[in-house]
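Here's a structure for you.
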Amino acid sequence: QVQLVESGGGLVQAGGSLRLSCVASGRTFSRYVMGWFRQAPGKEREFVSAISGSGGSTSHSDSVKGRFTISRDNAKNTVYLQMNSLKAEDAAVYYCAARSDYGRVYEYWGQGTQVTVAS
């Protein structure tokens, strides 16, 4: 089992930046693909970004490309989401998730951290 704990959310003005962090338990962190998802009130959960176990490959949804950057520090069992040029539509609860390299479904999820964007 893997436990994930997000932090770094808060209130930010439109155009501003935030960096989210997700700390994972366990001894095999580098073997997991890590992802970020978000869910706004009344909407379904949406994929944001993912990063391979080594950090060598990343992907981002079209809505955040060029603004958000995912990264990881395997020595600290931590994955990050740097969010720049935030927009009102970025406001949501952001969730960290983990899956195996060969898997398709994210098996482990954090509790979420709230991001609020004020204009």
> Under the side chain to side chain contact (heavy atoms under 4.5 Å, CB included) criterion, do M83 and V115 qualify, and how do the steps go?
Replying inline: CA-CA 10 Å; M83 305 185 295; V115 172; 3.9 Å; yes
> Closest approach of N74 and S54, non-hydrogen atoms and distance?
Replying inline: ND2-CA, 4.3 Å
> Aromatic rings W109 and F37: how do their planes relate, parallel, tilted or perpendicular, breaks at 30° and 60°?
Replying inline: tilted
> Which is it for C22 and Y95 under the side chain to side chain contact (heavy atoms under 4.5 Å, CB included) test, yes or no, and what are the steps along the way?
Replying inline: CA-CA 9 Å; C22 172; Y95 296 92; over 6 Å; no
> Mind checking whether F29 and W36 sit in one hydrophobic cluster, side chains of I, L, V, M, F, W, Y counted as touching below 4.5 Å?
Replying inline: yes
>> Distance check, rounded to the nearest 0.5 Å: Q82 atom CD versus S71 atom OG?
In response: 8.0 Å
>> Using every non-hydrogen atom in the two residues, find where S85 and S17 come nearest and quote the distance to one decimal.
In response: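 Closest approach of S85 to S17, heavy atoms only: N-OG, 4.3 Å.
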> Of the non-hydrogen atoms in L11 and A118, which two are nearest, and what is the gap between them?
Replying inline: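 Looking at all heavy atoms of both residues, the shortest contact is CD1-CB, 3.9 Å.
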> Can you tell if the side chain of I70 reaches within under 4.5 Å of the side chain of V79, non-hydrogen atoms only?
Replying inline: yes
> So, K87 and D90, do they make that salt bridge, N to O below 4.0 Å?
Replying inline: no
> Roughly how far, to the nearest 0.5 Å, is the OG atom of S25 from the CG atom of L4?
Replying inline: 7.0 Å
> In terms of hydrophobic clustering (I, L, V, M, F, W, Y; side-chain heavy atoms under 4.5 Å; direct or indirect links), are V93 and Y106 co-clustered?
Replying inline: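 Looking at the clustering, Y106 is in the same group as V93.
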> Is it true that a side-chain atom of T28 and a backbone atom of R31 form a donor plus acceptor pair closer than 3.5 Å?
Replying inline: no
> Quick check: are there more than 12 heavy atoms from other residues, nucleotides or ligands sitting under 6.0 Å from CZ of R45?
Replying inline: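 Check passes, neighbour count above 12.
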>> Looking at every heavy atom in both T78 and S21, which two are closest together, and how far apart are they?
In response: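 It is CG2-CB, 4.3 Å.
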> Would you call the rings of F68 and Y94 parallel, tilted or perpendicular, where under 30° means parallel and over 60° means perpendicular?
Replying inline: tilted
>> Rounded to the nearest 0.5 Å, what separates atom CZ in R67 from atom NE2 in H60?
In response: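 If we round to the nearest 0.5 Å, R67:CZ and H60:NE2 are 11.0 Å apart.
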> Which distance, rounded to the nearest 0.5 Å, do you find between the CZ of R38 and the CD of E89?
Replying inline: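 So the gap between those two atoms works out to 8.0 Å.
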> Would you say the side chains of Q39 and E46 form a donor-acceptor pair under 3.5 Å?
Replying inline: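 No, no side-chain donor-acceptor contact under 3.5 Å.
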>> For residues Y108 and V48: do they belong to one hydrophobic cluster (side chain heavy atoms under 4.5 Å, members Ile, Leu, Val, Met, Phe, Trp, Tyr)?
In response: yes
> How many angstroms lie between CE in M34 and CG in L81, if you round to the nearest 0.5 Å?
Replying inline: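 If we round to the nearest 0.5 Å, M34:CE and L81:CG are 11.5 Å apart.
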>> For T69 and T58: C-alpha separation, side-chain torsions, deciding distance, then whether side chain to side chain contact (heavy atoms under 4.5 Å, CB included) applies.
In response: CA-CA 9 Å; T69 303; T58 63; over 6 Å; no
> So does E107 have more than 12 non-hydrogen atoms from other groups sitting under 6.0 Å from CD?
Replying inline: no
> Looking only at atom types and distance, does a side-chain atom of S52 sit under 3.5 Å from a main-chain N or O of S57, one as donor and one as acceptor?
Replying inline: yes
> Donor-acceptor pair, N77 side chain versus V23 backbone, under 3.5 Å?
Replying inline: no
> Regarding R72 and the six-membered ring of Y80, is the cationic atom NZ or CZ under 6.0 Å from the ring centre and inside 45° of its axis?
Replying inline: no
> What heavy-atom pair brings A91 and A40 nearest, and what distance separates the two atoms?
Replying inline: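 Closest heavy-atom pair between A91 and A40: O-CB, 3.7 Å.
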> Does the side chain of E6 come under 3.5 Å of the side chain of T113 through a donor N or O and an acceptor N or O?
Replying inline: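 T113 and E6 do not have a side-chain donor-acceptor pair below 3.5 Å.
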